[in-house]
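None of these values were measured; they are calculated from a predicted model.
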Amino acid sequence: MDLFFTHSATTHGITVRVAPRYLPEQSDPHGHRFVWSYHVRLENHSNDIVQLLRRHWFITDGEGRVSEVEGEGVVGEQPVIPPGGSFDYVSGCPLPTPRGSMAGRYHMDGPDGGFDVLIPGFALVRPSAGTE
């Protein structure tokens with residue numbers, strides 16, 4: 001699984017795995033538009049049912065500009081994840097530069113109240129033009 005999900009972090013028994021991928025078919029380098037998808041898997045290794053309520057991303061482009069994206073749930077959902085269960089989703093990120101990075105946190109709810117789970121930082125890097 002680590003061959004596909006190249007970045008992972010575990011907080012409070014919740015493992016967040018991320019696999020970014022550059023999308024040349026949606027990118028326009030001459031128009032300064034570079035697009036990545038990222039596949040996220042949340043795995044509940046705790047003994048409690050949890051629910052993802054909010055997301056908070058920090059997105060940094062290649063010039064060092066940081067954007068914050070905050071909101072309810074992910075891809076229109078606030079998934080409930082039972083013990084031993086997981087939830088997968090895919091989203092995307094456009095940048096005006098051929099490289100950048102993302103990191104953040106999810107706010108979860110459990111039987112003892114709310115808590116934050118780390119989203120591991122990962123690089124967004126356009127492959128060299130010869131490998132697209």
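When atom types are taken as modelled, the side chain of Ser27 and the backbone of Val35 share a donor-acceptor pair closer than 3.5 angstrom. Looking at Gln78, its side chain never comes within 3.5 Å of a backbone N or O of Leu52 through a donor-acceptor pair. Side-chain atoms of Arg55 do not come within 3.5 Å of backbone N or O of Val69 as any donor-acceptor pair.
The closest side-chain heavy-atom distance from Val80 to Ile49 is below 4.5 Å. Within the 4.5 Å cutoff, the side chain of Val16 has no heavy atoms near those of the Leu118 side chain. The closest side-chain heavy-atom distance from Glu63 to Thr97 is below 4.5 Å. Put simply, the side chain of Val40 does not reach to within 4.5 Å of the side chain of Asp88, judged on heavy atoms. Annotation: side chain of Asp109 is not in contact with side chain of Phe115 (no heavy-atom distance under 4.5 Å). The shortest distance between side-chain heavy atoms of Phe58 and Met102 does not fall below 4.5 Å.
Here the two rings, on Phe4 and His39, have centers that are under 6.0 Å apart. The distance between the ring centers of Phe34 and His32 does not fall below 6.0 angstrom.
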Where do Asn44 and Ser46 land on the side-chain hydrogen bond (donor to acceptor under 3.5 Å, both in side chains) test, with the steps shown first?
CA-CA 5 Å; Asn44 184 355; Ser46 77; 2.6 Å; yes
With side-chain contact (heavy atoms from CB on, under 4.5 Å) as the criterion, how do Ile81 and Leu42 come out once you've worked through the C-alpha distance, each side chain's angles and the decisive distance to 0.1 Å?
CA-CA 8 Å; Ile81 309 170; Leu42 293 107; 3.9 Å; yes
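Within 6.0 Å of the CZ atom in Arg99, the count of heavy atoms belonging to other residues, nucleotides or ligands does not exceed 12.
Within the model, atoms CD of Gln51 and CD of Glu77 stand 11.0 Å from one another, a figure rounded to the nearest 0.5 Å. Residue Cys93 holds its SG atom at 4.5 Å from CD1 of Ile59, rounded to the nearest 0.5 Å. Atom NE2 of residue His56 and atom CZ of residue Arg105 lie 5.0 Å apart, to the nearest 0.5 angstrom. Interatomic distance, Leu124 CG to Trp36 CH2, rounded to the nearest 0.5 Å: 5.5 Å. Here Ser8 contributes atom OG and Ile119 contributes atom CD1; the two are 13.0 Å apart, rounded to the nearest 0.5 Å. Summarising the geometry, atom CZ belonging to Arg65 is positioned 9.5 Å from atom CG belonging to Leu95; distances are rounded to the nearest 0.5 Å.
Residue Tyr106 is tested with Ile14, Asp116, Val74 for a side chain to side chain contact (heavy atoms under 4.5 Å, CB included); the sole match is Val74.
With respect to Arg17 and Glu43, a salt bridge is recorded, a charged nitrogen being found less than 4.0 Å from a carboxylate O.
Phe87 is linked by a ring-ring contact (aromatic ring centres under 6.0 Å, His included) to nothing, counting only residues two or more places apart in sequence or in another chain.
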